Trainee: 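Here it is, the structure in full.
Computation of the quantities below employed the complete heavy-atom set of this structure, encompassing side-chain atoms and omitting hydrogens, waters and symmetry-equivalent molecules. Here the structure is a predicted model, which means the values were calculated and not measured.
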Amino acid sequence: MGIVGDSLDRAAQAAGTRPIPKSAGAQMRYLVKQHKGSTKAVAALLGVSQRTVERYVKDQIKRPKPDLAARMETEVKRRWQPLVRKRARERAATQTGLVIETRARFGFTAAPGTTDDGRMRRITQHLPPEYAGRLLAAQDAGASEADLQRIAAEGLQDVYFRDGGGRAQGLLVEFTDIDYIDVNL
């Protein structure tokens with residue numbers, strides 16, 4: 001997806017109340033169960049043969065190769081505790097908001113070399129539920145990474161740079177040269 005979308009996904013996965021299955025066999029059984037018992041669908045998902053999936057399910061293979069182990073873990077995390085993730089997202093969108101931590105280039109319209117000139121800033125800021133709700137709704141609707149960044153930038157512009165609308169009314173905030181964004185629900 002992108003930096004913001006992936007961060008939202010990681011935050012939702014971190015909201016889980018139980019750890020994912022540890023062993024390869026348990027992870028594979030979980031994936032097969034999620035696909036209504038279809039080992040063929042899981043094999044296509046992971047890029048392995050149906051027989052390989054069946055062997056993991058029966059614990060005939062214990063240790064997957066690192067790339068397969070990573071794919072299995074990713075797919076299990078994507079599907080793990082969907083109701084818990086959904087409740088955490090709804091709570092963030094309606095009650096608590098979310099916390100964004102980012103390191104990006106933020107700039108103002110100013111003469112080069114002044115203190116308002118664009119520079120890398122590290123910001124950790126709580127976004128209120130109205131921005132969190134817009135961000136999560138846009139992600140659910142399949143918004144592009146640029147749209148997600150624009151919503152996050154609007155939230156930071158209002159809450160951090162304008163102090164809730166009290167100052168710097170002509171300010172335009174855009175993300176450029178983003179190093180990372182971390183989101184906590």
Side-chain angles (χ1 to χ4, degrees), residues 1-93 96-104 120 122-127 132-133 135-152 175-185:
M1 179 171 246
I3 293 174
V4 177
D6 290 344
S7 295
L8 290 170
D9 289 340
R10 278 194 310 274
Q13 289 170 1
T17 57
R18 294 180 320 191
I20 67 169
K22 297 272 187 237
S23 73
Q27 288 181 357
M28 196 64 80
R29 283 187 291 277
Y30 177 77
L31 289 173
V32 169
K33 184 178 177 184
Q34 291 298 304
H35 285 87
K36 298 181 172 97
S38 174
T39 55
K40 187 175 185 178
V42 174
L45 176 72
L46 297 174
V48 296
S49 71
Q50 183 176 357
R51 180 69 183 128
T52 300
V53 171
E54 292 167 356
R55 291 176 66 200
Y56 276 108
V57 168
K58 293 178 184 177
D59 282 328
Q60 293 173 344
I61 303 176
K62 303 269 186 195
R63 296 175 192 244
K65 292 181 180 177
D67 60 327
L68 177 58
R71 288 193 310 266
M72 286 170 47
E73 184 175 347
T74 300
E75 294 301 327
V76 169
K77 282 182 178 179
R78 184 174 292 144
R79 291 164 176 78
W80 190 246
Q81 294 186 314
L83 295 178
V84 172
R85 286 196 323 263
K86 181 180 177 187
R87 280 193 299 266
R89 288 171 62 95
E90 287 173 357
R91 187 174 51 251
T96 61
L98 51 85
V99 176
I100 290 185
E101 179 179 334
T102 185
R103 183 169 176 266
M120 293 300 280
R122 181 171 180 224
I123 297 173
T124 302
Q125 184 64 48
H126 175 265
L127 291 184
L135 197 57
L136 295 169
Q139 184 190 30
D140 290 343
S144 68
E145 178 67 16
D147 292 336
L148 295 175
Q149 286 182 14
R150 189 177 65 253
I151 294 168
F175 286 113
T176 57
D177 300 332
I178 300 173
D179 282 349
Y180 72 91
I181 292 180
D182 192 21
V183 178
N184 292 318
L185 296 177

Trainee: So if I apply the side-chain contact (heavy atoms from CB on, under 4.5 Å) rule between Trp80 and each of Arg18, Gln13, Glu75, which one comes out positive?
Mentor: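 Testing each of Arg18, Gln13, Glu75 against Trp80, the sole residue satisfying side-chain contact (heavy atoms from CB on, under 4.5 Å) is Arg18.
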Trainee: Got a second to check how far Ile20's CD1 is from Arg79's CZ, nearest 0.5 Å?
Mentor: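 Rounded to the nearest 0.5 Å, the CD1-CZ separation comes to 12.5 Å.
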Trainee: Is it true that Gln34 and Arg78 share a donor-acceptor pair across their side chains at a distance under 3.5 Å?
Mentor: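 No pair is found: no donor N or O on one side chain lies under 3.5 Å from an acceptor on the other.
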Trainee: Is it true that the side chains of Arg55 and Thr52 contain a donor and an acceptor less than 3.5 Å apart?
Mentor: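 Note: Arg55 and Thr52 side chains miss the donor-acceptor criterion.
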Trainee: What are the two closest non-hydrogen atoms of Gln81 and Thr17, and how far apart are they?
Mentor: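 Closest approach of Gln81 to Thr17, heavy atoms only: OE1-N, 2.8 Å.
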Trainee: Run the salt-bridge test on Arg10 and Asp6 with the 4.0 Å N-O cut-off and return the result as yes or no.
Mentor: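 Asp6 and Arg10: not salt-bridged.
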Trainee: Donor-acceptor check, side chain of Gln139 to backbone of Leu148, threshold 3.5 angstrom: yes or no?
Mentor: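 A pair under 3.5 Å: no.
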Trainee: Using atom types as modelled and distance alone, determine if a side-chain donor or acceptor of His35 lies under 3.5 Å from a backbone N or O of Lys40.
Mentor: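 Judged by distance alone, no pair lies under 3.5 Å.
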Trainee: Taking the side chain from Gln50 and the backbone from Ala43, do they hold a donor-acceptor pair closer than 3.5 Å?
Mentor: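 Judged by distance alone, no pair lies under 3.5 Å.
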Trainee: Any carboxylate oxygen within less than 4.0 angstrom of a Lys/Arg side-chain nitrogen, looking at Arg87 and Glu90?
Mentor: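 Salt bridge flag = no for Glu90 with Arg87.
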Trainee: Looking at side-chain heavy atoms only, is the closest gap between Asp59 and Arg29 below 4.5 Å?
Mentor: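 Yes - at least one pair of side-chain heavy atoms lies under 4.5 Å apart.
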Trainee: Minimum heavy-atom separation for Ala132 and Gly97, please, with both atom names.
Mentor: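 Looking at all heavy atoms of both residues, the closest pair is CB-CA, 3.9 Å.
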Trainee: How many angstroms lie between atom CD of Gln149 and atom CG of Leu135, to the nearest 0.5 angstrom?
Mentor: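 Those atoms lie 10.5 Å apart.
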Trainee: Quick one: closest heavy-atom pair of Leu136 and Ala92, and the distance?
Mentor: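 That closest heavy-atom pairing would be CD1-CB, 4.2 Å.
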Trainee: Give, for atom NZ of Lys22 and atom CD of Gln27, the distance between the pair rounded to the nearest 0.5 Å.
Mentor: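 That separation rounds to 9.0 Å.
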Trainee: Out of curiosity, Asp9 CG to Lys77 NZ, how far, rounded to the nearest 0.5 Å?
Mentor: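 With rounding to 0.5 Å, CG (Asp9) is 12.0 Å from NZ (Lys77).
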Trainee: What's the spacing between Leu31 CG and Tyr56 OH if we round to 0.5 Å?
Mentor: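 Between Leu31 CG and Tyr56 OH, I get 12.5 Å after rounding to 0.5 Å.
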Trainee: Closest approach of Arg85 and Ala12, non-hydrogen atoms and distance?
Mentor: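 Looking at all heavy atoms of both residues, the shortest contact is CG-O, 3.0 Å.
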Trainee: How far does CG of Leu127 sit from CD1 of Ile100, to the nearest 0.5 angstrom?
Mentor: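 So the gap between those two atoms works out to 4.0 Å.
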Trainee: Check whether any side-chain heavy atom of Ile61 lies under 4.5 Å from a side-chain heavy atom of Met28, and answer yes or no.
Mentor: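 Side-chain contact under 4.5 Å: no.
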